[in-house]
Protein chains: 2
Amino acid sequence: MSTHPPQLSPTELAAYFAFTEVSSLLRHAVEQQLREVGKLSYVQFQLLARLGDAPGGSQRMTDLADGVVYSRSGLTYQAQSLEERGLVTRAPSPEDERSTIVAITAEGRAVLQKVFPGHIEAVRDLLIDPLAEEDVEVLARVMTQVSEHLRANPPRSAGRRKPKAE
Amino acid sequence: MSTHPPQLSPTELAAYFAFTEVSSLLRHAVEQQLREVGKLSYVQFQLLARLGDAPGGSQRMTDLADGVVYSRSGLTYQAQSLEERGLVTRAPSPEDERSTIVAITAEGRAVLQKVFPGHIEAVRDLLIDPLAEEDVEVLARVMTQVSEHLRANPPRSAGRRKPKAE
DNA sequence: TATTGTTATACTCTATAACTATA
DNA sequence: TATAGTTATAGAGTATAACAATA
């Protein structure tokens, strides 16, 4: 089905290896910082940050899940955990009683604020500062291009509800 | 301690967001492929691949851990699991009886071979193909620069043995 | 005493399938 | 019947601390 060579060229390999190395170190450092400063997992941070940006500070579960979590029960688990800590609330949507609206609380926003500086510092230290200014622009352009391609051609079954098999 | 602005510029933010989005989708896709085709977690794949490249197909536990796993017990866990499946062997080093030498077996290499084509295809589809040829080169250059910086300034305590506190 | 690795344990996270309730 | 979400459950992975053995 593929018309491509089955191997990666040295340059392609270099791009892949360096990319994964950086992403895994960055991810680990960020997770550590979030855990230490805000007792948040990376997923929880993403959910909170998303709610913080959302109009009204709230979103439906399904919309919230998008791209952050790959199973519905996984989202329920995290949302419950955040709710128990008082960082979000959950309530049935008035418009569609099947839906649950998740909303960030004042404490939730406080935790976000507490966590942001160190988060930004980690990203800066590990990803931004090593690069010349032009290269940050280049990185932004290149990564955006890839991410747009991924949005346009979503990899098979990333978070979709199970297609009815059999 | 930091002389940097506490915020990220729009370009820097764009670079960070796109980078994490791509890395998380790529990681997820790759993990799925490895699991389906070879019943390997990403960490297990990395360990096997490393052994496959190592001279003699073997390495000491400590050297093997480097950058792949962030705790010693985590490596023991994975090595045990690979050993139970017959993909690696473990034996004490003749040179230093404290050390354990991990070696990839023929079955281990077979699993690697089985998994490679789909792995490469995923990387190609999701990371390489969306980019023009020059941009792959650019990505390789930029990511290599970051990764070299990270090697030179290792983030506090990534995998090192706990510094004696107290 | 320092280093290498394992074990015991506890915890977090994830995914699948079955289930409830609403549209 | 399809959709939104939860629950039950089980499994995989991770980290910390205590431990044994070797240098």
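To find a chain, count down the sequence lines: A is the first, B the second, and so on, and within it residues start at 1. Owing to the predicted nature of the structure, the values given are computational and were not obtained by experimental measurement.
- Screening residues 50-61 of chain B for salt bridge (Lys or Arg N to Asp or Glu O under 4.0 Å) gives B/Arg60-B/Asp63 as the qualifying pairs, with residues at least two apart or on separate chains.
- The nucleotide whose nearest atom lies closest to any side-chain atom of A/Arg98 is, among D/dT3, D/dT7, D/dA23, D/dT3.
- A sub-4.0 Å separation between OP1 or OP2 of C/dT6 and a side-chain N or O of B/Arg90 is present.
- Looking at residues two or more places apart in sequence or on another chain, you find a side chain to side chain contact (heavy atoms under 4.5 Å, CB included) between A/Glu31 and A/Arg27, A/Tyr42.
- The CG atom of B/Leu75 sits 13 Å away from the P atom of D/dG13 (whole-angstrom rounding).
- For the salt bridge (Lys or Arg N to Asp or Glu O under 4.0 Å) condition, no pair includes a residue of residues 37-46 of chain A, sequence neighbours left out.
- When the C1' atom of C/dA23 is taken as reference, atom CZ of A/Arg60 falls 12 Å away, rounded to whole Å.
- Across the interface with DNA chain C, nearest-nucleotide mapping of B/Met61 and A/Glu97 shows B/Met61 to be the residue nearer the 5′ end.
- Contact annotation: A/Arg72 reaches the phosphate of D/dA4 (side-chain N/O to OP1 or OP2, under 4.0 Å).
- Pairs passing the ring pair (Phe, Tyr, Trp, His ring centres under 6.0 Å) check and including a residue from residues 98-118 of chain B, sequence neighbours excluded, do not occur.
- Among the atoms of the strands shown, only primed sugar atoms or phosphate atoms (P, OP1, OP2) are found under 4.0 Å from some heavy atom of B/Ser99.
- Atoms CG (A/Asp96) and P (C/dT20) sit 20 Å apart, rounded to a whole Å.
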Next item on the list: Starting at the 5' end of nucleotides 9-15 of chain C, put B wherever the base has a protein heavy atom under 4.0 Å, S where only the sugar-phosphate does, and a dash everywhere else.
Entry: ---SBBB
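- Atom pair B/Gln32:CD and D/dA12:P shows a separation of 17 Å (rounding to whole Å applied).
- There is a path of hydrophobic side-chain contacts, each under 4.5 Å, that joins B/Val68 to B/Val88.
- Summarising the geometry, the separation between CD on B/Glu95 and C1' on D/dT22 is reported as 14 Å, rounded to the nearest angstrom.
- Applying the salt bridge (Lys or Arg N to Asp or Glu O under 4.0 Å) test to every pair with at least one member in residues 98-113 of chain A, sequence neighbours left out, gives these pairs: A/Asp96-A/Arg98.
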